[in-house]
2 protein chains.
Amino acid sequence: MGKRGRSLEKSARIRTLADLAKIAGVNTATVSRALADSPLVKTDTKARIQALAQEHGFRPNQMAKRLRTQRTGVVGIVVPLGHEKRQHLSDPFFMTMLGYLADALTENGYDIMLSRVIPDTDDWLEAIIGSGMLDGVLLIGQSDQFEAIERVAAHYRPLVAWGSHWPEQRHCSVGTDNFAGGQMAGQCLVAGGARRIAFLGEVRTPEIGQRYAGLCAALQAEGLAAPRQFDVHLASDVMEQEISAHIAEVGDAIDGVFAASDVIAMTALRVLADRGVVVPDRIRVIGYDDIPLAAQTVPRLTTIRQDVATGAKAMVDALFARIAGEDAASVQMNPVLVRRDSA
Amino acid sequence: MGKRGRSLEKSARIRTLADLAKIAGVNTATVSRALADSPLVKTDTKARIQALAQEHGFRPNQMAKRLRTQRTGVVGIVVPLGHEKRQHLSDPFFMTMLGYLADALTENGYDIMLSRVIPDTDDWLEAIIGSGMLDGVLLIGQSDQFEAIERVAAHYRPLVAWGSHWPEQRHCSVGTDNFAGGQMAGQCLVAGGARRIAFLGEVRTPEIGQRYAGLCAALQAEGLAAPRQFDVHLASDVMEQEISAHIAEVGDAIDGVFAASDVIAMTALRVLADRGVVVPDRIRVIGYDDIPLAAQTVPRLTTIRQDVATGAKAMVDALFARIAGEDAASVQMNPVLVRRDSA
DNA sequence: GCCTTTTGTGCAAACGATTGCAATATAGCT
DNA sequence: AGCTATATTGCAATCGTTTGCACAAAAGGC
């Protein structure tokens, strides 16, 4: 006839080290060490405490642990959306990257804190870092925030960004050689017979800007006219209209399209199909990234592959090195042309 | 002699409330209240302290704050991958969902902790919850972990899952009526003239199982034969081969395909194109989800839309209610048929 | 047996914030 | 001026761990 009816068997829940210490008849210190599997505590005491913990489903409070150890075990993954306010966290390339990063981090016992940031104030990165919650930060893409990243990198080491690398750059970045990638795309289009080429994508961000630069260089090397460049927003609801308008504008004046990403390329493919333009016969199309779905389009998309898996691994390796206080240089990987049916 | 003091502008960094309190000449309590914009502290003191904090770029240590307040301000987003060990966090539907969830949570001042879990031990959810790091948990998909979720939901309230709802279910779920969606898909295929239908997808998870059940019901209502069902793995590198094999196996025996997700449908479209099968004339294809890229396929994919945006909002609303101690019922939304060109 | 080592445990001080309560300064009234 | 009500600020306890150090018990050496 106890008043508290529901706590039948299990007496008060074990929530803290102290609780557990009490029922184990030892000090919290011992419990703490036992759970950490410290060699300091006697083997049977350890076993007994661990069993007790298991039985009561006890898990130490992470907040307290982190406060005490000054190690959070959390790394932040941040997607800066500076140039693309309406974009949702949905670009398949970034998402695949996120998946691999998540894998690598979880494997190493780190938790992930995800932020999708629209850099409105200029201290967005400082805010994330200064919260004291993070052992390190991974940026997926530099967006148009190169300056902000540089500034922070000057005094904050455990920071690695996916993206471009510039000669004078201070922050650690991992990425493919976008200039080379752009060149390859250009050469591929030209080799297929294309002469008048359009580039679909905003060139304001370093990554895409370099791809565009590579394309220009390739065309120039062949003695061809500079490409026409069109801005394209990544928000899915406007992209198709924009591309459609651009294609309509250039009409027959082009015979090749280099899209800044596969999603853009796929949309372009769709728009061209609508207009009855046969790809690649009439217009050749090449994308960038090689997202999984790129192999499933009709026609299959020719594209420049960025190897996400090794890229993610490189990012995490670099980050761990920097967390450990070592130094880690930027890495620039080589993109590879994946020749399929669209160019 | 002047005392050592404020003249050293660049002196020791301000890291703690105490540091700031010292240079402000007040107690930590006042600083704490000032930064929290408490009405208890005098307006000018407040302003002075805030200015000082700003100037030194001071941000309070979150770990300490959370330990003290017992509120973490973090919600966990967990993607259970029970039935699909090789899947990376990459299904566009889940990713779009993640984006919307991230938006809604960040808007409300919550941080996100992302876990991609392969439920190897059966207390994976307990482990996540018991860490004391999370104010609440959002599950993106139930996978085949219905039992585990139910078990935890019995004693842990702030938990909301995307997925199916069963009559006897205890945990709060938000999702579309998958049975109805399956029915709609079936009816659409039949209305277009299809008679022998294949279902592409594993029926082990409740969500997809219900879609399949809906399809069966629709066919039965029309007096048609039961559909053929094929397992398909979500890992992108094997999916195409699997589907290809399945299509080859049934050969001319089918004239309609209902894919459990748009990604599967897109791959099916590709496979059919390879075989020279004209969609929808020879085989009609319908997908599920309506991911952004579904509108960009050739031919454009007919599909059953799940409204991610309102779904995510509903999940977050329910979670907040539950965090606040209120009760929130499961919600089941109506899927809608998006008729495009593939069926 | 006495004096070192070696093992195990316990004590208590951090970690850096928040907050109930006490204390003081200021204002408001006769 | 005297006294109360109110606006500010300070004190100190607390959140739940970890860990340096002291300490006790057992073991080893002579």
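The figures that follow rest on heavy atoms only: side chains count, while hydrogens, waters and symmetry mates do not. Numbered from 1 within each chain, the chains take letters A, B, ... in sequence-line order. Keep in mind that this is a model prediction, so the values were computed, not measured.
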May I have the distance from [X] (atom [atom1]) to [N] (atom [atom2]), rounded to whole angstrom?
X     : N      : atom1 : atom2 : answer
B:L40 : C:dT18 : CG    : P     : 14 Å
A:K22 : D:dT17 : NZ    : P     : 13 Å
A:K42 : C:dT7  : NZ    : P     : 13 Å
B:R48 : D:dT9  : CZ    : P     : 8 Å
B:Q62 : C:dG16 : CD    : C1'   : 11 Å
A:R71 : C:dA14 : CZ    : P     : 23 Å
A:F58 : D:dG16 : CZ    : C1'   : 8 Å
A:L20 : D:dT18 : CG    : P     : 12 Å

Notebook entry, point to check: Of the candidate nucleotides D:dT17, C:dT9, D:dA13, which contains the atom at the shortest distance from the side chain of A:V41?
Noted result: C:dT9

Counting just side-chain N and O atoms, does [X] come under 4.0 Å of either OP1 or OP2 of [N]?
X     : N      : result
B:N27 : D:dC11 : yes
A:Q70 : D:dT18 : no
A:T45 : C:dT9  : yes
B:R15 : C:dG16 : yes
A:S32 : D:dT17 : no
A:T30 : C:dT9  : no
A:T69 : D:dT18 : no

Note to self: Can you work out whether B:R33 or B:R59 has the more 5'-proximal nearest nucleotide on DNA chain C?
What the structure shows: B:R59

Margin query: Taking the nucleotide of DNA chain C with the nearest heavy atom to each, does B:M63 or B:A29 sit closer to the 5' end?
Written below: B:M63

[X] to [Y] - nearest heavy-atom pair and separation:
X      : Y      : result
B:S143 : B:P206 : O-CD, 3.2 Å
B:T28  : B:A21  : N-CB, 3.7 Å
B:A64  : A:L67  : CB-CD1, 3.8 Å

Notebook entry, point to check: Do A:R68 and D:dT18 share a donor-acceptor pair, side chain to base, under 3.5 Å?
Noted result: yes

Notebook entry, point to check: On DNA chain D, nearest-nucleotide positions of B:L67 versus B:G25: which is more 5'?
Noted result: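 Result: B:G25.
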
Next item on the list: Could you tell me whether the side chains of A:W162 and A:Q142 share a donor-acceptor contact shorter than 3.5 Å?
Entry: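 There is no such pair between these side chains.
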
Next item on the list: Enter the distance from B:R48:CZ to B:K42:NZ here, rounded to the nearest 0.5 Å.
Entry: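 That separation rounds to 9.5 Å.
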
